[in-house]
Amino acid sequence: MTSRLKTGLVLGGGAARGAYEAGVLSYLREEFEPGFGRDLKLNIIVGTSVGAIHACYLAATNHQPLQQARGLIAHWTAMKVEEVLRCGYGDIVRLLRETLGKPATPGDIQHGGLVDPRGLRALVGRGVPWRDISRNLRSGHLDALAVSATHIGTGGAVVFLQRRGGGAPTWSDDPNYRAVATRIGPNHALASAALPIVFPVVRVRGQLHMDGGLRLNVPLSPALRLGAQRVLIISLRPNPAQAQPPGEPPGPTVQEREQASVTAPFLIGQMLNMLMTDRIDQDLGRLRRLNDILEAGTKKYGPGFAQTLSAAVHPHRSQPVRAVREMLVRPSKDLGTLAAEYVRTPGFRKRSQGLAHRTILKLVEREAPRDADLASYLLFDGGFADILIDLGRQDARALRPQWERFWSEEPQSLAEAATLTPSEEATAA
C-alpha cells in the first residue's frame with residue numbers, strides 16, 4: 001500500500017556518535033517494518049555532519065530498504081580509528097606551520113585540520129553508491145535529499161539539496177540560511193562532516209565549508225520545507241532533563257565535570273558540545289504549538305482553517321500550513337560516559353598502538369572518571385560502534401507504541417485529516 005503521507009527522515013550530527021543512528025535504523029528496517037506488515041518509505045532524507053553521510057547512503061540505497069541498516073552497520077563495525085583519523089607527527093608539524101602562518105608545502109592537501117582527510121574521503125567515496133541517488137530520484141524511490149554545511153566566509157548555514165524535478169523551493173528570508181540546488185556528491189557530505197579542528201574544511205564550488213552542525217545540527221526545517229508531512233528525527237544528544245534509567249549508574253556529576261574543567265580535553269569536548277548545539281527541542285516545540293493551533297482552529301472553524309491560514313502567510317512559506325506528525329529518538333545514556341567506559345577496557349588498551357589510539361586513551365585519562373565527550377566524537381572504532389548500535393536499537397524498541405502511531409495511515413487529528421486531499425481520503429477508505 002502506498003502511503004498518503006510524505007515521510008521525512010532527519011539525521012543529526014555528532015561524528016563517531018553517529019553509529020547510534022545505524023542502531024535506530026536497524027530497529028526500523030529489521031524489527032519493526034517486518035512485523036508492521038508493509039513497506040515504510042522514506043521520501044525525504046536530510047542530514048548534518050555524520051548524519052549527512054548517512055543521508056547520502058540511505059538516499060542511494062532507498063530502492064533496497066532491507067539492505068540499508070545492514071550496510072550501515074557493516075561500515076561502522078569494520079571501522080578502525082587509524083583508518084579514519086589518519087594522523088602522524090608530520091600532521092602536527094603541518095598544523096603548527098599553518099598556525100604560524102607559514103606557507104604550505106606542495107604535498108599539503110588540507111586546510112585547518114589536524115587529521116589527514118584521505119582516510120575519511122576513501123570511506124565516504126567507496127561506501128556510498130553516489131550515482132544511485134539520481135537514479136532513485138528519477139524512479140520515484142526518493143523525493144529529495146539535503147545535507148547542511150557551514151559556509152566559512154559568512155558563517156551561515158548552507159543546505160545543499162537534490163530533489164526530483166530539480167531546483168529548490170522558496171526558502172528562508174534569513175540571509176544566514178540559504179538553499180543551493182545541486183547534484184550531491186562526496187564533497188558535499190565531507191563538507192557537512194568537517195568537524196572543526198579535526199577534519200579540514202572542504203571546497204564546494206570554490207568556496208570553503210565545514211561541519212553543518214555548527215549552525216544546523218538537527219536539520220528539521222529543510223525536511224519541512226521539502227514537503228515532509230511526518231518527520232522521524234534521530235538526535236545524538238541525550239535529553240539533559242531525562243532521568244537516568246532505573247538500575248543504571250548515574251552519569252558524571254557537575255562536580256566531576258568541574259574538577260576536569262582545567263584540562264584541555266575536557267574544555268575541547270565541552271566546546272564541541274556547545275558548537276554542536278542540538279536545538280531540536282525548541283524546533284519541535286514550535287512545531288507542536290503550530291499543530292495545536294491548527295487542531296483548535298479546525299475544531300472551531302472547520303476543515304478549511306488550515307487553508308485560510310496558509311493563504312494569509314503564503315508569502316513567507318514554501319509549503320502550506322499543515323499538521324505535521326513527528327517522532328524523536330535520542331540516546332537514553334550519556335555517550336561521553338559510554339566512551340570513557342569503553343576506552344578503559346583491556347581490549348581497547350591492547351589495541352592502542354597507533355598515534356590516534358594512544359591519543360584517545362590519553363584524552364580519556366585526562367577527563368573526568370566517567371566522562372569523555374571529546375573521545376566520543378573521535379572514537380571511530382568498531383567496538384564502540386557496537387555499543388552505540390545496541391543502544392540505538394534498545395531506545396527505538398522502547399518506543400514501539402510511538403512507531404505504530406507514527407506510521408499509521410489513520411489521521412491522528414482533525415487538523416491532519418483536513419489537510420489530506422479528497423483522493424488521499426478515498427485511498428485511505
> Going through the distances and angles, do Asp132 and Arg138 end up as a salt bridge (Lys or Arg N to Asp or Glu O under 4.0 Å)?
Replying inline: CA-CA 10 Å; Asp132 286 342; Arg138 289 194 300 268; over 6 Å; no
> Quick one: CD on Glu326 to CD1 on Ile280, what's the gap to the nearest 0.5 Å?
Replying inline: 9.0 Å
>> Could you check whether Ser148 and Thr48, counting side-chain N and O atoms only, form a donor-acceptor pair closer than 3.5 Å?
In response: yes
> Can you name the nearest heavy-atom pair linking Ser332 to Asp395, along with the distance?
Replying inline: OG-OD1, 2.7 Å
> What closest approach, in Å, do Val10 and Ala223 show between heavy atoms, and which atom pair accounts for it?
Replying inline: CG2-CB, 3.7 Å
> Are a donor atom and an acceptor atom from the side chains of Gln162 and Ser134 found within less than 3.5 Å of each other?
Replying inline: yes
> Side chains of Ile234 and Leu9: closer than 4.5 Å at any heavy-atom pair?
Replying inline: yes
> What do the steps show when you test Asn62 against Gln68 for side-chain hydrogen bond (donor to acceptor under 3.5 Å, both in side chains), and what is the final call?
Replying inline: CA-CA 8 Å; Asn62 227 23; Gln68 289 179 316; 3.1 Å; yes
>> With a 6.0 Å cut-off (strictly less than), is the heavy-atom count around CZ of Arg183, excluding the residue itself, greater than 12?
In response: no
> About how many Å separate OH of Tyr20 and CG of Leu335, when rounded to the nearest 0.5 Å?
Replying inline: 8.0 Å
> Are any non-hydrogen side-chain atoms of Thr7 and Gln229 less than 4.5 angstrom apart?
Replying inline: no
>> With heavy-atom distances below 4.5 Å as the criterion, would you say the side chains of Val202 and Met210 are in contact?
In response: no
> Between Val46 and Ala55, which heavy-atom pair has the shortest distance, and what is it?
Replying inline: C-CB, 4.1 Å
> Between Trp76 and Phe380, what is the ring plane arrangement, given parallel below 30°, perpendicular above 60°, and tilted in between?
Replying inline: parallel
> Side chains of Asp381 and Tyr342: do they bring a donor and an acceptor to under 3.5 Å?
Replying inline: yes
>> Let's go through Trp403 and Phe36 carefully: what are the C-alpha distance in whole Å and the side-chain angles of both, what is the deciding distance for ring pair (Phe, Tyr, Trp, His ring centres under 6.0 Å) to 0.1 Å, and is it a yes or a no?
In response: CA-CA 10 Å; Trp403 287 103; Phe36 198 60; 9.9 Å; no
> Sequence neighbours excluded, which residues qualify as side chain to side chain donor-acceptor pair (under 3.5 Å) partners of Arg163?
Replying inline: none
>> To the closest 0.5 Å, what do you measure between CZ (Arg70) and CG (Leu25)?
In response: 13.5 Å
> Which is it for Asp373 and Arg17 under the salt bridge (Lys or Arg N to Asp or Glu O under 4.0 Å) test, yes or no, and what are the steps along the way?
Replying inline: CA-CA 10 Å; Asp373 284 323; Arg17 298 180 175 204; 3.3 Å; yes
>> Are Phe32 and Arg397 packed together at the side-chain level, in the sense that at least one heavy-atom pair is separated by less than 4.5 angstrom?
In response: no
> If every non-hydrogen atom of Phe348 is compared with every non-hydrogen atom of Val343, which pair is closest and at what distance?
Replying inline: CD2-O, 3.4 Å
> According to the interplanar angle, ranging from 0 to 90°, do the rings of His209 and His151 count as parallel (below 30°), tilted (30 to 60°) or perpendicular (above 60°)?
Replying inline: perpendicular
> Passes salt bridge (Lys or Arg N to Asp or Glu O under 4.0 Å), Arg289 versus Asp292? Steps please.
Replying inline: CA-CA 5 Å; Arg289 285 192 293 274; Asp292 289 342; over 6 Å; no
> Which residues satisfy the side chain to side chain donor-acceptor pair (under 3.5 Å) test with His141, sequence neighbours excluded?
Replying inline: none
> Taking atom CG of Leu294 and atom OG of Ser310, what is their separation to the nearest 0.5 Å?
Replying inline: 8.0 Å
> Between the side chain of Thr77 and the main-chain N/O of Ile73, is any donor-acceptor distance below 3.5 Å?
Replying inline: yes
>> Measuring from atom CZ of Arg131 to atom CG of Asn136, what distance do you get when rounded to the nearest 0.5 angstrom?
In response: 14.5 Å
> Within the side chain of Ser192, is there an N or O that forms a donor-acceptor pair under 3.5 Å with the backbone of His188?
Replying inline: no
> Which heavy atom of Leu226 sits nearest a heavy atom of Ala146, and at what distance?
Replying inline: CD1-CB, 4.0 Å
> Is the number of heavy atoms from other residues, nucleotides or ligands within 6.0 Å of NZ (Lys80) greater than 12?
Replying inline: no
> Roughly how far, to the nearest 0.5 Å, is the OG atom of Ser49 from the CG atom of Leu195?
Replying inline: 6.5 Å
